[in-house]
Amino acid sequence: MALHSLYVDLNSFFASVEQQLRPELRGRPLGVLPVMADTTCCIAASIDAKRFGIRTGTPVWQARKLCRDIVFVQARPSIYVEIHHRIIAAVESCTPVGAVLSIDEMACDLMGSEREEARAVALGKQIKQAIYDQVGEVLHSSVGIAPNRFLAKTASNMQKPDGLVVIRQHELPQRLYGLKLGALNGIGRAMEQRLNQLGIHTVEQLCTARRDTLRRAWGGIGGEHYYAKLRGENVAPAPTQRSSVGHSHVLAPELRDPDSALAVLYRLLHKAAMRLRHYGYCAGGLGLHLHYLKTAAGHPRWVDQARFAPHADTLQLNPVLAELWQRRPSDPGPILKVGVTLTDLVEHSQVTRDLFDPDDRHETLNSVLDRINQRYGPNTLYFGGAHHGRGAAPMRIAFSHVPELQVENDG
Ligand SMILES: [Mg+2]
């Protein structure tokens, strides 16, 4: 099985952000506290503090005992969220982010030649460098690459800080034997106890346990999924079973007029089409939805959809969006939120195409466009209609598609 997943986990994220923004804290043992009080615990510890055994959950008094010179700072959540969005944008300048799993973890689905080890490792290095260049030079990350997301996350935990670890199919399951049961994603304290009761105390025992033993531990299909995930299989529906690709965006107050809203919609459409092509799909439908500012009557919204022969060509999607936009009745007020969804997806390879279809030449254009945008940032090349909305829907876009993807693959 090839390498299907790349996982990025920022090291000591909150503490590193503080050190990024306050250079005087760099290289020092640092604890981030929810409030400045002696009775609280660290919610994060810097890489330097971890060397003293201080980690998330260490009480302040104990941290002081472990390291006399420790510095404490109060957490600044809104700044961490802002940096989180910038990190996603940096990763997306290299390859699409498939799912955001937490404020400092994200997974990318490797496609095509990215599944070859040399290419995957090069991509991992490129991502780490993009985070340094675009967000901050002390923001280290650990990258894991593996046949599925579960194992990629496991790999990202194997080397910290600044790791890059590949778990190859042929190394399974022995490569996992050195880990503790509780170090595996999905094995919390309660599950560990259940496994113990079934005679499983080590990862080796877990890996060699029978499928129905795991079924019993998990109380159902979850155990079979775990059995498969340990073996490198992609259990959750891969993007091949994806049914739609969409993006939506809440408009800033100055962009709530129809012209600006339409410009943002074009940006969202182009981004969705790029993702569609990246995953090797064609869409047979385009949905448009508009949410208006609240009125006395409630929350007005308008939804419509168009169908067409499946393709993945931005130049052909533009007029469909324009037509849908024209169909809407007069706006009941300022437009608060806009969204597009590409539906009725089919794999590109399954679309029968007319050999002499004149639109095929667009494919070259689209793929050139995607490569340039991936390389130099999503706004480098765009179609005229999106000009106005450029930059209006920045990292939000990347973040908003995530919940839907997480449902598909929690591995
Ligand atoms: Mg982390």
Side-chain angles (χ1 to χ4, degrees), residues 5-22 25-34 41-58 63 73 75-92 94-95 97-108 123-132 134-146 149-167 179-180 182-188 395 398-399 402 405-406 409-411:
S5 184
L6 183 151
Y7 204 92
V8 185
D9 182 351
L10 275 288
N11 305 129
S12 300
F13 180 56
F14 298 161
S16 298
V17 171
E18 294 296 342
Q19 289 174 322
Q20 179 64 44
L21 299 177
R22 298 170 59 183
L25 297 176
R26 292 182 192 176
R28 300 187 61 175
L30 176 72
V32 180
L33 306 180
C41 297
C42 299
I43 55 167
S46 69
I47 292 167
D48 324 276
K50 281 178 179 163
R51 296 202 177 103
F52 292 89
I54 299 160
R55 32 202 104 258
T56 303
T58 305
V73 296
R76 297 186 285 175
S78 60
I79 287 177
Y80 308 151
V81 170
E82 189 193 317
I83 302 280
H84 160 84
H85 286 296
R86 289 176 54 197
I87 289 170
I88 292 171
V91 177
E92 288 225 313
C94 306
T95 192
V97 169
V100 173
L101 288 314
S102 78
I103 194 157
D104 70 335
E105 293 174 45
M106 60 213 77
C108 306
L123 179 62
K125 289 180 182 163
Q126 192 193 343
I127 286 171
K128 285 150 88 70
Q129 194 58 46
I131 296 172
Y132 291 140
Q134 297 173 36
V135 197
E137 69 270 29
V138 304
L139 296 176
H140 303 294
S141 53
S142 287
V143 169
I145 297 166
R149 187 180 294 171
F150 164 77
L151 293 170
K153 181 184 167 79
T154 306
S156 76
N157 284 327
M158 286 175 151
Q159 191 183 1
K160 287 178 177 181
D162 195 21
L164 203 167
V165 171
V166 182
I167 295 181
L179 300 169
K180 292 214 164 70
L184 292 176
N185 195 34
I187 301 191
M395 308 104 193
F399 199 46
V402 160
L405 292 183
Q406 271 176 264
N409 189 351
D410 63 348

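What's counted below: heavy atoms across the whole structure, side chains too, no hydrogens, waters or symmetry copies. Counting starts at 1 for both ligands and their atoms, in listed order.
At a cut-off of 2.8 Å, Asp104 is counted among the residues with an N, O or S atom near the Mg ion (ligand 1). Residue contact annotation: Phe13 places no N/O/S atom under 2.8 Å from the Mg ion (ligand 1).
For the residue pair Ser142 / Asn11, a side-chain donor-acceptor distance below 3.5 Å is found, with atom types taken as modelled.
Considering just the N/O/S atoms of Asp9, the one nearest the Mg ion (ligand 1) carries the name OD1.
The distance from the CG atom of Leu30 to the CG atom of Asp48 is 8.0 Å, given to the nearest 0.5 Å.
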Mind running side chain to side chain contact (heavy atoms under 4.5 Å, CB included) on Ile54 and Cys42 for me, showing each step along the way? CA-CA 8 Å; Ile54 299 160; Cys42 299; 4.2 Å; yes
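The aromatic rings of Tyr132 and His140 sit perpendicular, their planes meeting at an angle over 60°, well past the 30° parallel limit.
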